[in-house]
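Numbered from 1 within each chain, the chains take letters A, B, ... in sequence-line order.
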Number of protein chains: 2
Amino acid sequence: MAASPRDGIPLAVSTVIFALRSDAESGLGALWIPLVRRITEPFGGRWALPGGWVRAEEGLADAASRNLLETTALEPTYLEQLYAFGNVDRSPSGRVVSIVYWALVRADQAERATEGENVRWFPADDLPELAFDHNVIIDYALWRLRTKLEYSRIAQAFLGETFTLTDLREVHEAVLRRPLDPANFRRQVASTLVPTGAVVSGGRHRPPKLYRYNQTIEVVDNGPISREKTGSNRAIS
Amino acid sequence: MAASPRDGIPLAVSTVIFALRSDAESGLGALWIPLVRRITEPFGGRWALPGGWVRAEEGLADAASRNLLETTALEPTYLEQLYAFGNVDRSPSGRVVSIVYWALVRADQAERATEGENVRWFPADDLPELAFDHNVIIDYALWRLRTKLEYSRIAQAFLGETFTLTDLREVHEAVLRRPLDPANFRRQVASTLVPTGAVVSGGRHRPPKLYRYNQTIEVVDNGPISREKTGSNRAIS
DNA sequence: ACAAAAGTGTTGGTGCTACACCCATGA
DNA sequence: TCATGGGTGTAGCACCAACACTTTTGT
């Protein structure tokens, strides 16, 4: 085997962060993504995924978390590795390998995010032309989120500890961008929920029960130890 | 953002290679993996996944292919990224980030592989204690292969251009380690196959038709462009 | 004729979709 | 009592596992 390359390839992490924001007029929720404006070349002035270099003494997920906090002040409730992008020509200024993560934050967290000239939220399905291959990366992260929502409990990461079935259903509807039958949705997720006993009163209708997941999902990426379906290639019909 | 770390972290690729070998006595097929013996510290003498450093001018999948060819002389018919392993303590001799791929080779290819003192095939489900975190990595790759087999056409990568339904079923049975009902298996995969017209005669029974996939799978990893389900976290029940 | 594997038909169960219907509350 | 959403029941359909059965070859 060749000698160890101590002149190694620059290694970066980036993160696709998703938050739900409810549209003021329609009332419907939708996915939004925070992006940062590049101040240096290449792609100076363009919007890009938050990210940065991996330090020698920190793990990959740690590096993602740290960069998130530094650039956007966000602390996600869910973080998972997406893919390692390493095409030789992805950056015009020289070879960079990026390990990309995707993250979910709650709405209250998202509001606390620093927004300004160099950090701004964009609708996930209507993005400008971004730096590097970041449009492709976000498309992939979106596909993964939408796919994974249907067989895992990640919707929890958008909500608080307890929630009503309507809350949960609205998260699914916002992510999947289609209405879901409340009756069938209830049955689909029923086995993963336990009622807390509390209800929400105040609405001019029957008070909905508050539920809790019967098993909490991992907050932060712990690698492929706990396995779920996710992936990198479209299923065939 | 901090200055670019031109003293970057060493970046390696490794590959989990699967081949089917039919056991001489039982006649049943099983998954085998080629491993290489480490000649340097750390873990000198231990068996490990084939791999090496990523060169500055080659893509990640290219690096995986090259290392495969150099260390085992194998040319896989399928190659896909598995996961980027980057724990700070995965190597006792210093930080290394490994992008791991998994690959499938046909039986005829596998026979051509160099086997000797420093390259040897092992049954995938009965491995010795390997170097680094390679046992964990292989467990994950095995899970991914078994999961993906059920909703994609990767079984094709173990076979030639044409094959009988029994050939295909035996691949599935070997990977999943359980017998499958021939009648139901036929119906499950029927929509993905087209008969070639040819049959196999010579057996002392009705000659089976030779089939071909109606759509070829990609031979080599092309990133997350073509999407299928795969993944990194276990599905909930 | 018989053995063996290819290939087809059928039946019962399970889960999902669509939609009718009842329940509990505020106004 | 009415409007509103919470919550339950149910019929139809698709899919799947199990297994009986027919087909086609070699010996």
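Scanning DNA chain C 5' to 3' for nucleotides with an atom closer than 4.0 angstrom to a non-hydrogen atom of chain A gives a first and last hit of C:dT17 to C:dG26.
Using the six-membered ring where Trp is involved, A:Phe122 and A:Trp47 have ring planes that are perpendicular, over 60° apart on the 30 and 60° scheme.
B:Thr164 comes within 4.0 angstrom of no nucleic acid atom, judged by non-hydrogen atoms across all strands.
The side-chain hydrogen bond (donor to acceptor under 3.5 Å, both in side chains) search around B:Arg37 returns B:Glu117, not counting sequence neighbours. Take B:Leu180 and apply the side-chain contact (heavy atoms from CB on, under 4.5 Å) test, not counting sequence neighbours, and it matches B:Arg169, B:His172, B:Glu173, B:Arg178, B:Phe185. Residues forming a side-chain hydrogen bond (donor to acceptor under 3.5 Å, both in side chains) with A:Arg66 (at least two apart in sequence, or on another chain): A:Glu58, A:Glu70. Here A:Arg120 pairs with nothing under the side-chain hydrogen bond (donor to acceptor under 3.5 Å, both in side chains) rule; sequence neighbours left out. Taking the salt bridge (Lys or Arg N to Asp or Glu O under 4.0 Å) definition, one finds that A:Arg186 meets it with nothing, sequence neighbours left out. Listed by chain and number, the residues in a side-chain hydrogen bond (donor to acceptor under 3.5 Å, both in side chains) with A:Glu150 amount to none (sequence neighbours excluded). A:Ala30 pairs by the side-chain contact (heavy atoms from CB on, under 4.5 Å) definition with A:Trp32, not counting sequence neighbours.
Of the residues in residues 197-205 of chain A, those lying under 4.0 Å from DNA chain C by heavy-atom distance are A:Gly203, A:Arg204, A:His205.
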(request) Report, as a single string ordered 5' to 3', how protein heavy atoms within less than 4.0 Å touch nucleotides 7-17 of chain D: B base, S sugar-phosphate only, - not at all. (result) SBBB------B

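To the nearest angstrom, P of D:dG6 lies 14 Å from CG of A:Leu180.
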Identify every side-chain donor-acceptor pair in residues 193-204 of chain A under 3.5 Å, counting partners at least two apart or on other chains, and give the distances.
| residue | atom | partner | partner atom | Å |
| --- | --- | --- | --- | --- |
| A:Thr196 | OG1 | A:Ala198 | N | 3.2 |
| A:Thr196 | OG1 | A:Leu210 | O | 2.9 |

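Pairs passing the side-chain hydrogen bond (donor to acceptor under 3.5 Å, both in side chains) check and including a residue from residues 124-133 of chain B, sequence neighbours excluded, read B:Arg90-B:Asp133, B:Asp125-B:Arg146, B:Asp125-B:Arg177.
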